[in-house]
Amino acid sequence: MVDIESKAHQTVPPAEVDEVELYHATSFWTKYVFSQDAKIIAIQYSCVAIGIGLVALVLSSLIRLQLGFPDMFDFITAETYYQFVTMHGMIMVVYLLTALFLGGFGNYLIPLMVGARDMVFPYVNMLSFWIYFLAVIVLVASFFVPGGPTGAGWTLYPPQAILSGTPGGTGLGIILMLLSLALFIVGFTMGGLNYVITVLQGRTRGMTMMRLPLTIWGIFTATVLALLAFPALLVATIMMLFDRLLGTSFFMPSLVEFGEQLSYGGGSPILFQHLFWFFGHPEVYIVALPAFGIVSDLISTHARKNIFGYRMMVWAIVGIGALSFIVWAHHMYVSGMHPYFGFFFATTTLIIAVPTALKVYNWVLTLWNGNIHLTTPMLFSLGFLVTFLNGGLTGLFLGNVIVDIPLSDTMFVVAHFHMVMGVAPIMVIMGAIYHWYPKMTGRMLDEQMGKIHFWVTFVGSYLIFFPMHYVGLVGVPRRYPELGDSAFIPESVATLNSFISVAAFVVGFAQVLFIYNLISSLRNGQLAGHNPWRATTLEWQTPQTPPGHGNFDELPLVYRWPYDYSVPGAPEDFLAQNDPGQGPVK
Amino acid sequence: MGVAIAIVVVVVGSVLFHLFSPWWWTPIATNWVFMDDMISLTFWITGVVYVAVLLFVAYCVFKFQYREGRIAAYEPENNKLEGWLTVLTSLGVAALLAPGLVVWFQFVNVPEEATEIEVVGQQWSWSYRLPGLDGKLGTADNRLISVDNTLGINPDDPNGQDDIIIDGDDLHFALGKPVKMLLRSVDVLHDYYVPEFRAKMDMVPGMITYFWIEPTRVGTFDVLCAELCGVGHGFMRGTVLIDSEEDYALWLSEQITFAQMLEQRDVKVASAVKP
Ligand code: HEM
Ligand SMILES: [Cu+2]
Ligand SMILES: [Cu+2]
């Protein structure tokens with residue numbers, strides 16, 4: 001047994017380097033706008049991400065409007081439908097989830113939880129946000145250019161992405177999308193280096209790697225993945241920009257468009273898919289790993305029990321992260337790549353299911369013999385468990401190459417990935433906001449509203465996406481604006497589609513309550529105090545709430561792992577990480 | 001209590017929905033029943049895990065809900081339990097993977113006796129080419145595509161002269177005769193998708209992809225495109241028929257070859273030139 005259990009008598013190692021003086025902002029502009037304080041940057045990231053996420057939410061309602069009630073709305077044509085779907089998908093995955101988990105939660109929690117005063121490179125951190133902001137503006141601009149945003153699907157597969165049969169393909173739409181992605185990656189890299197180096201180098205004395213809260217392990221590993229995966233997307237976007245603007249043929253074979261021979265030739269569309277999914281699959285885990293980490297801490301704190309199998313959880317995160325780089329082609333089983341790849345990628349994909357399953361077991365076993373407080377964060381964590389389990393299990397369908405053949409590109413896939421990387425991580429984000437909002441603002445969110453918000457969101461999302469699997473099982477393809485005349489699709493599918501759409505509108509609308517809660521609690525929320533959840537991790541032990549510039553007065557010393565809940569013989573049901581507890585402290 | 005009940009309702013509701021909802025796959029029309037069997041097997045294994053884990057969660061929430069004075073247990077890890085869970089999960093995963101890979105092997109290895117049929121996709125329609133009496137398809141290239149030669153068949157290749165061209169019409173299959181579908185695209189990605197076949201594969205410009213089937217049931221089926229190919233993607237449809245052997249022979253005899261097509265065109269051109 002290494003140092004995961006409380007050994008309060010253990011000494012804290014001496015300081016190795018002197019503290020570096022922080023940058024102290026004096027004016028309003030440098031304090032709140034071009035801020036170098038990770039906490040402000042986190043809030044900036046979060047607000048922009050949630051703002052653009054709401055756009056994606058509205059787009060999903062428009063999509064559902066068309067699918068549930070086809071031919072009723074003149075402004076939704078096949079063309080706009082594809083634009084909505086594309087922008088919805090891209091925004092949700094990249095500009096909302098990635099930005100919010102890493103830029104938002106990463107910035108807020110890393111320095112606080114590892115016991116640092118700030119990120120190691122505050123200036124670069126500030127740049128990271130502003131470049132992200134620029135990326136969002138470029139993305140939004142594409143809604144307003146002639147021809148509109150690209151409708152190539154969030155996967156942007158060439159050749160169609162840059163040809164005239166696709167909305168926005170020959171206009172500015174696709175160019176702005178590619179530019180925006182490139183900017184996003186540049187901005188992210190600046191932030192990402194900060195997160196990784198701060199975790200590696202900025203930890204306070206006594207905070208060994210094996211005493212890091214799982215939240216930090218999740219964010220840290222996800223960031224490493226992102227730093228390795230995003231470059232593949234970056235080169236792909238640049239190569240596609242060249243194909244589009246300079247007439248190169250990286251991804252373009254010789255082809256004939258509507259009877260006209262184009263001058264492209266010799267390129268490979270499948271090469272793009274490899275680059276895209278080499279990024280795209282780790283991207284799933286870039287979203288999932290922070291969620292795994294955060295939900296571990298939420299469950300442990302609100303069940304008043306140590307996380308079960310901490311070391312297993314850490315190795316599972318790291319193992320999943322490593323494996324996620326050798327499974328990408330499970331998105332390409334029907335792409336026409338060499339069929340023997342199927343054997344390899346199906347095997348690696350199903351292997352990754354094992355550590356993932358272990359994480360689920362450990363969350364559940366953490367509940368066992370706990371003292372479960374059904375607070376809003378706990379409810380959202382349970383919602384995560386249900387939806388993640390559901391989505392993880394349908395992953396076993398799609399990962400097993402032969403089962404994927406009939407199901408790929410049907411609504412089954414749409415249902416699967418929404419459960420696993422749409423609903424499940426969003427459950428965690430919401431739970432996390434209810435959990436950390438008191439630290440960020442000093443006030444609690446309204447629990448009553450929170451519970452209503454949870455039940456509507458959880459039940460609604462389940463009603464949207466569970467039946468959707470069966471629409472796919474019938475054989476309905478994804479990315480179809482209407483069912484059309486198809487003998488194999490029974491009438492009743494249209495009815496089911498309308499039902500799903502109504503559920504989607506209700507869920508969408510329930511988020512208004514959430515936003516209202518976020519805003520009104522700023523003033524009216526109950527005062528939170530320093531540590532309303534009686535949690536062990538360092539962010540709850542700051543002298544001020546919200547934490548001031550520099551986070552701590554004197555840097556905390558860490559004596560124990562983050563899961564000392566309900567330790568037998570302890571005076572309270574939690575021991576903070578910086579609590580020397582019983583025993584001599586040298 | 002309420003939360004535990006809600007979780008049980010989710011579990012029971014999901015299972016009932018699965019068992020009694022009218023939405024299920026269409027009856028299969030090819031040899032790939034194995035795929036259906038694999039889906040069923042996967043439903044069984046994952047279904048059991050889903051129900052078991054969620055009922056356990058419901059039980060925990062019910063049993064260990066906060067009460068004044070309750071103290072949670074302190075148990076950082078339990079190597080034996082974690083070991084067992086790892087082994088059991090690995091077994092479950094292997095039980096899915098092994099048969100899956102066996103069937104995949106069959107899927108990618110085409111039987112000798114399969115006839116080759118070419119499917120050509122373009123925005124947004126399907127065309128087909130069958131080998132003529134020589135049993136061989138002539139070569140083709142996107143570079144050769146013109147108004148007169150919409151599929152880009154090499155006019156100098158003798159193998160191609162007797163190829164049967166089906167442009168803008170339905171494709172027929174003969175019952176019980178395995179076919180290898182060679183998939184080719186003129187412009188962007190498409191995906192030849194007949195839900196009753198179960199098999200599908202992308203078509204990629206610049207390369208030829210394939211899948212094989214053996215038709216097992218007479219009928220008429222929809223063809224859809226399953227890979228986003230531009231605004232017309234949802235409307236890129238066609239029809240295929242699986243015929244008895246006699247019907248198939250009859251149909252085949254009514255089709256025209258590449259050479260005949262070129263001839264017809266020459267006649268048309270000639271008559272157009274005449275005033
Ligand atoms: C209430 C919430 C949501 C609803 C109702 C919803 C609904 C939909 C629908 C109906 C589609 C299009 C299906 C099709 O025709 O192919 C879609 C696509 C997609 N959604 Fe969502 N969605 C929601 C939230 C999310 C979230 C949180 C994510 C984040 C992962 C997400 C990611 C995607 C992606 C990646 C696509 C694929 C886009 C494409 O095909 O190019 N969605 N969504
Ligand atoms: Cu993946
Ligand atoms: Cu298509």
Side-chain angles (χ1 to χ4, degrees), chain A residues 4-5 78-79 153 157 159-160 165-167 253-257 269 304-306 309 312 334-336 339 342-343 350 353-354 357 361 364 367-374 385-386 389 393 396-397 400-403 405-406 409 470 473-475 477 479-481 486-488 492 566-568, chain B residues 3 10 14 21-26 35 38-39 42 46 50 53 56-57 60-61 64-66 70-74 76-77 82 85 89-90 93 96-97 100-101 103-104 107-108 123 142-143 145 186-189 191 195 198-202 204-206 209 222 224 226 228-231 234:
Chain A
I4 65 154
E5 278 187 72
E79 198 155 272
Y157 281 179
Q160 54 101 10
T166 298
S254 54
L255 58 92
V256 183
E257 194 189 25
R304 314 308 298 161
K305 187 167 166 242
N306 66 283
M312 174 79 101
V334 297
S335 70
F343 293 105
L350 289 217
V354 177
Y361 302 147
V364 176
L367 295 174
W368 174 257
N369 260 324
N371 183 12
I372 301 168
H373 292 245
L374 291 172
L385 271 182
V386 174
L389 182 63
L393 289 172
L396 290 173
F397 289 71
N400 206 353
V401 53
I402 196 69
V403 185
I405 298 295
D409 286 309
Y470 293 81
L473 214 55
V474 166
R479 295 170 168 168
Y480 266 43
S486 310
F488 71 96
S492 55
S566 308
V567 179
Chain B
V3 177
V10 167
S14 303
S21 90
W23 300 295
W24 200 240
W25 55 59
T26 54
M35 289 194 197
M38 276 303 299
I39 295 185
T42 316
T46 57
Y50 192 56
V53 172
F56 186 76
V57 172
C60 289
V61 171
F64 305 111
Q65 196 179 333
Y66 164 74
R70 181 196 296 290
I71 295 175
Y74 188 77
E77 37 193 40
E82 291 176 74
L85 288 170
T89 309
S90 307
V93 164
L96 291 174
L97 183 63
L101 292 186
V103 184
W104 177 245
F107 185 74
V108 300
Q123 291 170 326
N142 280 352
R143 285 278 178 237
I145 292 175
V186 166
D187 38 38
V188 301
L189 304 179
D191 189 301
R198 300 299 187 261
K200 66 159 91 73
M201 192 54 70
D202 279 7
V204 184
T209 54
D222 294 301
L224 293 89
L228 182 55
C229 55
V231 281

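Letters go in sequence order (proteins before strands), and every chain restarts at 1.
- Of the listed residues (A/Pro481, A/Ala357, A/Gly342, A/Ala353), the one with the most heavy-atom contacts under 4.5 Å to chain B is A/Gly342.
- By number of non-hydrogen pairs under 4.5 angstrom with chain B, the leading residue of A/Asp409, A/Thr166, A/Leu385 is A/Asp409.
- Put simply, CD on B/Glu82 and OH on A/Tyr361 are 12.0 Å apart, with the number rounded to the nearest 0.5 Å.
- Residues B/Leu228 and A/Gln160 meet the side-chain proximity criterion, which asks for heavy atoms closer than 4.5 Å.
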Decide yes or no on side chain to side chain contact (heavy atoms under 4.5 Å, CB included) for B/Asp187 and A/Val256, but give the supporting numbers first.
CA-CA 5 Å; B/Asp187 38 38; A/Val256 183; 5.9 Å; no

Side chain to side chain contact (heavy atoms under 4.5 Å, CB included) assessment of B/Val186 paired with A/Leu255:
CA-CA 6 Å; B/Val186 166; A/Leu255 58 92; over 6 Å; no

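- Within the 4.5 Å cutoff, the side chain of A/Asn371 has no heavy atoms near those of the B/Phe64 side chain.
- Between the CD1 atom of B/Ile39 and the CD1 atom of A/Ile405 there is a distance of 11.0 Å, given to the nearest 0.5 Å.
- Contact annotation for A/Pro159: both backbone and side-chain heavy atoms come within less than 4.5 Å of a heavy atom of chain B.
- B/Val53 places a side-chain heavy atom less than 4.5 Å from the side chain of A/Val364.
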Using the side chain to side chain contact (heavy atoms under 4.5 Å, CB included) rule, take B/Thr46 and A/Phe397 through it: C-alpha gap first, then chi angles, then the decisive distance, then the call.
CA-CA 9 Å; B/Thr46 57; A/Phe397 289 71; 3.6 Å; yes

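- For chain A, the nearby part of B/Phe107 is the side chain; its heavy atoms alone come within less than 4.5 Å.
- The two residues A/Pro406 and B/Met35 come nearest to each other via the heavy atoms CD-SD, 3.5 Å.
- The side-chain heavy atoms of B/Tyr74 and A/Pro568, taken from C-beta on, include a pair separated by under 4.5 Å.
- A heavy-atom distance below 4.5 Å is found between the side chains of B/Leu224 and A/Phe488.
- We find the CG-OG distance between A/Leu473 and B/Ser21 to be 8.5 Å, quoted to the nearest 0.5 Å.
- Taking the side chain as every heavy atom from C-beta outward, B/Leu96 and A/Leu396 approach each other to under 4.5 Å.
- Listed options B/Pro205, B/Gly206, B/Ala199 were ranked by heavy-atom pairs under 4.5 angstrom with chain A; first place goes to B/Pro205.
- Listed here is the closest heavy atom pair of B/Met38 and A/Asn400: CE-ND2, 3.5 Å.
- Of the listed residues B/Pro22, B/Gly230, B/Ala226, B/Ala72, the one with more heavy-atom pairs under 4.5 angstrom with chain A than any other is B/Ala72.
- Closest heavy-atom contact between B/Val61 and A/Ile372: CA-CD1, 4.0 Å.
- Between A/Pro269 and B/Leu189 there is a side-chain heavy-atom pair separated by less than 4.5 Å.
- Shortest non-hydrogen contact noted between B/Gly234 and A/Tyr480 is O-CE2, 3.7 Å.
- Comparing A/Val403, A/Val386, A/Leu393 by how many heavy-atom pairs each has under 4.5 Å with chain B, the most go to A/Leu393.
- In this structure, the portions of A/Leu367 lying under 4.5 Å from any heavy atom of chain B include both its backbone and its side chain.
- Heavy atoms of B/Val103 lying under 4.5 Å from chain A belong to its backbone as well as its side chain.
- When B/Phe56, B/Tyr50, B/Trp25 are compared by the number of non-hydrogen pairs under 4.5 Å with chain A, B/Tyr50 comes out ahead.
- Taking B/Thr26, B/Val10, B/Thr209, B/Val231 one by one and counting their heavy-atom pairs under 4.5 Å with chain A, the maximum is reached by B/Val231.
- Heavy atoms of B/Asp222 lying under 4.5 Å from chain A belong exclusively to its side chain.
- Of all the heavy atoms in A/Pro339 and B/Trp104, the pair that sits closest is O-NE1, 3.0 Å.
- The choice from A/Pro477, A/Pro253, A/Gly475, A/Gly370 that makes the most heavy-atom pairs within less than 4.5 Å of chain B is A/Gly370.
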Verify side chain to side chain contact (heavy atoms under 4.5 Å, CB included) between A/Trp368 and B/Val57, making sure each step is shown before the conclusion.
CA-CA 8 Å; A/Trp368 174 257; B/Val57 172; over 6 Å; no

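- Inter-residue side-chain proximity for B/Gln123 and A/Glu257 is flagged as met; some heavy-atom pair is nearer than 4.5 Å.
- Annotation: maximal heavy-atom pairing with chain A below 4.5 Å, among B/Leu97, B/Val93, B/Val3, occurs at B/Leu97.
- No donor-acceptor distance shorter than 3.5 angstrom exists from the side chain of A/Lys305 to the backbone of B/Ala73, with no hydrogens or angles considered.
- For the residue pair A/Phe343 and B/Leu101, the shortest heavy atom distance occurs at CE2-O, 3.5 Å.
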